[in-house]
Every structure is written in C-alpha cells, then in structure tokens.
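To start, I am sharing the structure in question, which I have written as structure tokens.
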Amino acid sequence: MIKRTVSIDNPSRLNIDHKQLVITQNDETVGRIPIEDIGLLIVEHPNVSYTHSCFMSLLENNSAIVLIGKSHYPAGLFLPLETNSVQTERFKSQIEATVPLKKQLWQQIVCKKITNQAKLLESKGVPTAPLTEMARNVKSGDSANLEAHAARYYWKNLLGKKFKRDRFGLYPNNLLNYGYIILRAATARSLVSSGLLPTLGIHHRNKYNAFCLADDVMEPYRVFIDRKVYELYTGADIGELEIQDMDELPLDKMSLTKEIKKELLGLLAADVVLDGSTFPLMTALNRTTASLQRCFAKEQKDIEYPGL
C-alpha cells in the first residue's frame, strides 16, 4: 500500500473517528483519511489542536509525526517505538555490528550516492567520468573521503559555480534543506518499522544527533530531492540549461511557499526503480532499511538502493 503524506497548514482540529483521521476547519469537516493510509503527518500551522488518541492512533499505525516550528522547518519528530515484534533481537544485532561491517556498509552507501549523483549530471549533459572514477575507488569506510570530493564536483556542475551548499544558506539551499528534513523523517520512520535504532549510526556519530543512522541511510536518496529542487529553481527540465545559465539565476528570490512544499512532499510518493521494479520512494525506503537490517543480522551483504 502507498502511504500518504498529510500536511496540515491551516488552523484545524484533528481527531480520530472509526479509525480515520478527521480534519475539521471552521467547524466544518474538510477531510477524513483512514489511519492505515498515513505514513507521515506534518503539522505546519501553529493553531492546530489534536487529541491524545489522535497521536496514539497514528503511532500505533507506524505513522511518523513532524511538527513544524516558527522557522518553518521541522522542530520535532515523533516515531513509534513498538512497531516491530522482534526489535530487541534486531537492536542487538545492530549494536553488535563490527567495525569492519560498518565500514563496508558505509562504502556501499557512498558508492551508491556518487553513482546517483553521476546519473543526475549525465542527464544534464555534464561529463561524469570524474564521479564514476570516484565511485569505483571508494574504499572501506571511505577512507579517502571521496564523498566530499564528489560533492564539490557535483554541486558546481548541478547548480552553478556561484552556488554554495549550506545548511543555513540562501535559496535554493532553503528548498534543499526542507526536502532533506522530510526525507530524514521518512527514513527514520522506515528504520523504526524495520526494528532498527535511528540514533545508532554507521558513519554519522555526533553525540547531539538523534538520527545518525537515518542520516547515513538517506544519502543515496538525496539526489531525488536535488533533481526536484533543480526543476523548481530553474523552472526548466534537467538538461535544458548550461552552467553559465545557472550562474545567472538569483540566489535570494524564492521562499518556501505552500506550493513548493507540496512539490517536495510529493516526492515521497514519486516512483523510483529498485531491482528492476518501480516503487513509491517511501516503499523503496522500507526495502532499503529492511535490507540493512538483514546486513546487520549477517543474512545478506548488500544494502538495496534505488537508482536514479
């Protein structure tokens, strides 16, 4: 089943009735959505009220809840804790994963990320030999830090020489940051449903980061956000503009409007190809996290990722 992303961006009251999320605005019911259909609930407006049973029903259904703060970025994320019947056993295999295994898994993640970046640049008509060479030479644990080397080539050739990737930078960084945060929430939800701890990362290990494993796993998926932001930023399909055209585009013109957020949220339901079959991105995330769990349990060696 394709899970839906529901965004509440007007003053509303949320409650549960007959296993449906009921959305009421100005004393009028504007939506009724079966709880089992909801994968991600995003509450954007500050004047939204909800009952305890509303959140509990969503969590019991393995739905993630994101609360948006005054900065218009996610301020909190609620995840279910009891969605996997054997999660204690899976926590154990994750915690006991050896350093060599984690380095091999990170090698796979970086290789796939660079490969997807190369495919996006290829569709733009940019030479990709430097990236494909880097992807081939990623070592265990990415000891040469080829991920960073690839990023410098990638961003310069995707969004122009003037663009500088920055978590707090000017447009189009704001679009990228919003897309990545939604992707991060969806990844954390999939990890939990696979019986894994989102906090305990393979490569990311910042003690202040509660979602280190989500940040690891989502890396090859970032390119789907990048492609959509490129289209929103340029108003053109990938491949229609030269690099010199990109350098003429403004870096401070667009805010996160409701329409842009809707476009980015829609990516979770967009089709991606994994092992020759087409899935919604959120379903592919579930396959990726389930395969990672099997890697921790030594039941398989490779993490399953979609290609661009």
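Count residues from 1 along the sequence. Heavy-atom basis, side chains included; hydrogens, waters and symmetry copies ignored.
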Sidechain N-carboxylate O distance under 4.0 Å for E122, K119: no
Atom NZ of K164 with >12 non-hydrogen neighbours under 6.0 angstrom: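 Check fails, neighbour count at 12 or below.
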R90 (side chain) donor-acceptor with S194 (main chain) under 3.5 angstrom: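 Side chain of R90 to backbone of S194, a donor-acceptor pair under 3.5 Å: yes, one is there.
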Nearest-0.5 Å distance that lies between atom CG in L191 and atom CG in L79: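 One gets 9.0 Å once the value is rounded to the nearest 0.5 Å.
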Working for side chain to side chain contact (heavy atoms under 4.5 Å, CB included), residues E219 and V110: CA-CA 8 Å; E219 291 291 353; V110 172; over 6 Å; no
Donor + acceptor pair across side chains of Y305, S291 (<3.5 Å): no
Residue pair I114 / L146: nearest heavy atoms and the distance that separates them: CD1-O, 3.9 Å
Sequence-distant partners of D142, salt bridge (charged side-chain N to carboxylate O under 4.0 Å, His left out), two or more places apart: none
Pair Y221-N116, side chain to side chain donor-acceptor pair (under 3.5 Å): steps then yes or no: CA-CA 8 Å; Y221 282 90; N116 277 350; over 6 Å; no
Point-to-point distance, once rounded to the nearest 0.5 Å, from CD1 of I225 to CG of L268: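 One gets 7.0 Å once the value is rounded to the nearest 0.5 Å.
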Point-to-point distance, once rounded to the nearest 0.5 Å, from NZ of K258 to NZ of K262: 9.5 Å
Heavy-atom donor-acceptor pair, N61 side chain to S63 backbone, under 3.5 Å: no
Y178 and K261, any side-chain heavy atoms less than 4.5 Å apart: yes
Electrostatic pair K228:E231 at N-O distance under 4.0 angstrom: yes
Interatomic spacing from CD1 in I303 to CZ in R294 - rounded to 0.5 Å: 11.0 Å
Side chains of I35 and Q20 in contact at under 4.5 Å (non-hydrogen atoms): no
Shortest non-hydrogen separation from A185 to A64 and the atoms involved: O-CB, 4.5 Å
N177/R165 under side chain to side chain donor-acceptor pair (under 3.5 Å): CA gap, chis, key distance, verdict: CA-CA 10 Å; N177 295 337; R165 177 73 189 112; 2.7 Å; yes
From CA spacing to verdict: side chain to side chain contact (heavy atoms under 4.5 Å, CB included), L183, T187: CA-CA 6 Å; L183 176 62; T187 305; 4.0 Å; yes
Side chain to side chain, F163 and P172, heavy atoms closer than 4.5 Å: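 Side-chain contact under 4.5 Å: yes.
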Under 3.5 Å: donor-acceptor pair, side chain of N206, backbone of Y208: yes
Minimum heavy-atom distance between A210 and T199, given as atom pair plus value: O-OG1, 2.9 Å
Pairwise distance NE2(H204) to CG(L213) - rounded to 0.5 angstrom: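 Here the interatomic distance stands at 10.5 Å.
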Whether T51 side chain and C54 backbone form a donor-acceptor pair below 3.5 Å: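 Confirmed, T51 side chain pairs with C54 backbone.
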Verify same cluster id: L40, I260 (apolar side-chain graph, 4.5 Å): yes
May I have the list of side-chain donor-acceptor pairs in residues 11-18 shorter than 3.5 Å, sequence neighbours left out?
residue: S12; atom: OG; partner: N10; partner atom: O; Å: 2.7
residue: S12; atom: OG; partner: Q25; partner atom: NE2; Å: 3.0
residue: D17; atom: OD2; partner: R32; partner atom: NH2; Å: 2.8

Side chain to side chain contact (heavy atoms under 4.5 Å, CB included) between F224 and L281, worked out: CA-CA 9 Å; F224 296 100; L281 189 145; 4.0 Å; yes
NZ or CZ of R222 within 45° of Y180 ring axis and under 6.0 Å: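 R222 over Y180 ring: yes.
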Expected output: side-chain T234 to main-chain A236 donor-acceptor under 3.5 Å: yes
Common cluster, M56/F78, ILVMFWY with side-chain heavy-atom separation under 4.5 Å: no
Shortest non-hydrogen contact between L105 and K301, atoms and distance: CD2-O, 4.3 Å
Pairwise side-chain contact, K161 with W155, heavy-atom cut-off 4.5 Å (strictly under): no
Student check: side-chain heavy atoms of L267 and L265 closer than 4.5 Å: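 No, too far: nothing below the 4.5 Å cut-off.
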Cluster link I202 to L197, ILVMFWY, side chain under 4.5 Å: no
Side-chain ion pair, K298 and E96, N-O less than 4.0 Å: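 Salt bridge: no.
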Taking every non-hydrogen atom, the tightest pair across Y171 and L232: OH-O, 4.1 Å
Gap separating the CG atom of N286 from the CE atom of M282, nearest 0.5 angstrom: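 Answer rounded to 0.5 Å: 8.0 Å.
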Donor-acceptor contact present, side-chain S143 to main-chain K139, <3.5 Å: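 Between the backbone of K139 and the side chain of S143 there is no qualifying donor-acceptor contact (under 3.5 Å).
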Taking every non-hydrogen atom, the tightest pair across G307 and K112: CA-NZ, 4.0 Å
ILVMFWY network linking L200 to I109, side-chain heavy atoms under 4.5 angstrom: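 Result: no, two separate clusters.
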Side-chain (Q117) to main-chain (A151) donor-acceptor, under 3.5 angstrom: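 Here the side-chain-to-backbone pair does not exist.
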Min side-chain heavy-atom separation L21-L41 under 4.5 Å: yes
Derivation and outcome, side chain to side chain contact (heavy atoms under 4.5 Å, CB included), residues L196 and F91: CA-CA 6 Å; L196 297 174; F91 284 176; 5.7 Å; no
Short side-chain to backbone donor-acceptor contact, Q300 and D302, under 3.5 Å: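 Judged by distance alone, yes, a pair lies under 3.5 Å.
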Heavy-atom check, side chain of L120 versus side chain of Y154, under 4.5 Å: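 In short, these two side chains touch, coming nearer than 4.5 Å.
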R4 side-chain N/O to G39 backbone N/O, donor-acceptor pair under 3.5 Å: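 No, R4 side chain to G39 backbone: no donor-acceptor pair under 3.5 Å.
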Side-chain (N157) to main-chain (Y153) donor-acceptor, under 3.5 angstrom: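 Yes, N157 side chain to Y153 backbone: donor-acceptor pair under 3.5 Å.
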Note, V43 side chain near V66 side chain (heavy atom, < 4.5 Å): no
In one Ile/Leu/Val/Met/Phe/Trp/Tyr side-chain cluster, 4.5 Å: M218, L274: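 No, M218 does not connect to L274 through the hydrophobic network.
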CA sep, side-chain torsions, deciding dist, call: E147, K113, salt bridge (Lys or Arg N to Asp or Glu O under 4.0 Å): CA-CA 8 Å; E147 181 194 17; K113 179 181 180 180; 2.9 Å; yes
Exercise: do S190 and T289 side chains pair donor with acceptor under 3.5 Å: no
